[in-house]
Amino acid sequence: MKRTIPLLVTGLFLIILGCTTKKTELVLLGTVHQPISNFNSDSLYNILVKINPDLILFEVDSSFFTPQFTFKKTWDSNENIATVRYMDEFDVDVRPYEFTGRNDHRKKIGSRPTDDLALNLLDSVYRNNGLDSVDEKTYETFLKVNDTLNSFAFLGARAFNNPRTDKVAQTRQRYQYQDLLQVMERYPIFSNTYFIKNKNDSISYLEGYKRASKFWDLRNTTMAKHILHFAKAYRGKRIVVLNGYFHRYYLTALLEPKQQENGFIIKNFEDY
């Protein structure tokens with residue numbers, strides 16, 4: 001005679017199975033670093049309260065934290081003020097996930113300050129009618145896309161946490177790190193103008209800008225790798241990843257394909 005499993009036992013088994021296979025929730029929360037109209041530390045704090053995370057990933061490296069993962073110091077950014085306040089009032093872990101030694105690394109490879117110097121030089125060449133018509137159009141398009149992306153910051157968190165803004169950010173960053181680089185490569189002034197790092201070392205504006213372009217990719221891929229590490233370490237938990245909203249499109253693109261194999265789901269802050 002065929003044995004049947006009681007429905008009550010089956011139901012309990014499914015409940016237990018469901019508990020053990022609960023997916024990690026990952027919220028890629030785009031932010032604006034400094035207080036502006038419609039978004040400040042109170043805005044961010046209220047979003048954190050709504051989400052109720054088990055872990056907050058903070059866009060700095062470990063040098064900003066004590067061995068006990070408290071901040072070594074506080075500073076006037078929306079993220080720091082809101083996170084410290086949340087830590088004081090709720091039980092939450094906070095961990096860094098940024099590229100280690102980001103700013104020192106940029107200086108070492110020469111991408112800082114040559115990236116800004118190269119952009120300033122490009123703007124000067126443009127304003128003195130030194131670009132051909134095609135390159136002039138490329139630069140003007142970059143300026144328009146840049147203005148559009150920055151304008152979202154003044155409209156509140158919903159405006160810079162959605163696929164439309166992510167698409168604009170992707171376009172803006174493509175112009176900055178690919179299209180403008182190609183423009184610079186066509187004008188000798190960028191390869192013939194140098195930043196003196198020290199008396200024995202210098203780097204051309206063009207080479208410095210190339211390295212900045214490569215570092216943008218390296219930085220985001222490193223951040224995504226660290227996020228995946230924490231998604232595995234905090235299985236079944238709710239994780240908020242604080243990130244300047246220019247990064248959100250890149251992190252989303254890298255992490256979305258990893259959801260199923262790593263047992264997490266990407267959610268928007270408005271889902272809570």
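Geometric assessment of R95 against the ring of F69 yields a positive cation-pi assignment under the 6.0 Å and 45° thresholds. A cation-pi arrangement is found for K267 relative to Y272, the charged atom lying closer than 6.0 Å to the ring centre and inside a 45° cone about the ring normal.
The stretch residues 114-127 participates, sequence neighbours left out, in these salt bridge (charged side-chain N to carboxylate O under 4.0 Å, His left out) pairs: R112-D115, D123-R127. For residues 134-143, the set of pairs meeting the salt bridge (charged side-chain N to carboxylate O under 4.0 Å, His left out) definition, not counting sequence neighbours, comprises D135-R186.
Listed by chain and residue number, nothing satisfies the salt bridge (Lys or Arg N to Asp or Glu O under 4.0 Å) test with K108 (two or more places apart in sequence, or in another chain). By the salt bridge (Lys or Arg N to Asp or Glu O under 4.0 Å) test, E256 pairs with no residue at all, sequence neighbours left out. Remark: D42 engages R85 in a salt bridge (Lys or Arg N to Asp or Glu O under 4.0 Å) (not counting sequence neighbours). For R219, the salt bridge (Lys or Arg N to Asp or Glu O under 4.0 Å) partners are E59, E98, not counting sequence neighbours.
Using cut-offs of 30° and 60° on the angle between ring planes, the pair Y45 and F90 is tilted.
Closest of all the heavy-atom pairs between S202 and Y194 is OG-CD2, 3.8 Å. Of all the heavy atoms in A231 and T24, the pair that sits closest is O-OG1, 3.6 Å.
Checked against the 6.0 Å centroid criterion, the rings of Y139 and Y126 qualify as a close aromatic pair.
With no hydrogens or angles considered, no side-chain donor-acceptor pair links S77 and N80 at under 3.5 Å.
Other residues, nucleotides and ligands contribute more than 12 heavy atoms inside 6.0 Å of the CD1 atom of I203.
Clustering ILVMFWY residues whenever any of their side-chain heavy atoms sit less than 4.5 angstrom apart, transitively, puts L26 in the very cluster that holds M223.
Note on R248 versus D166: salt bridge recorded, some NZ/NE/NH1/NH2 to OD/OE distance being below 4.0 Å.
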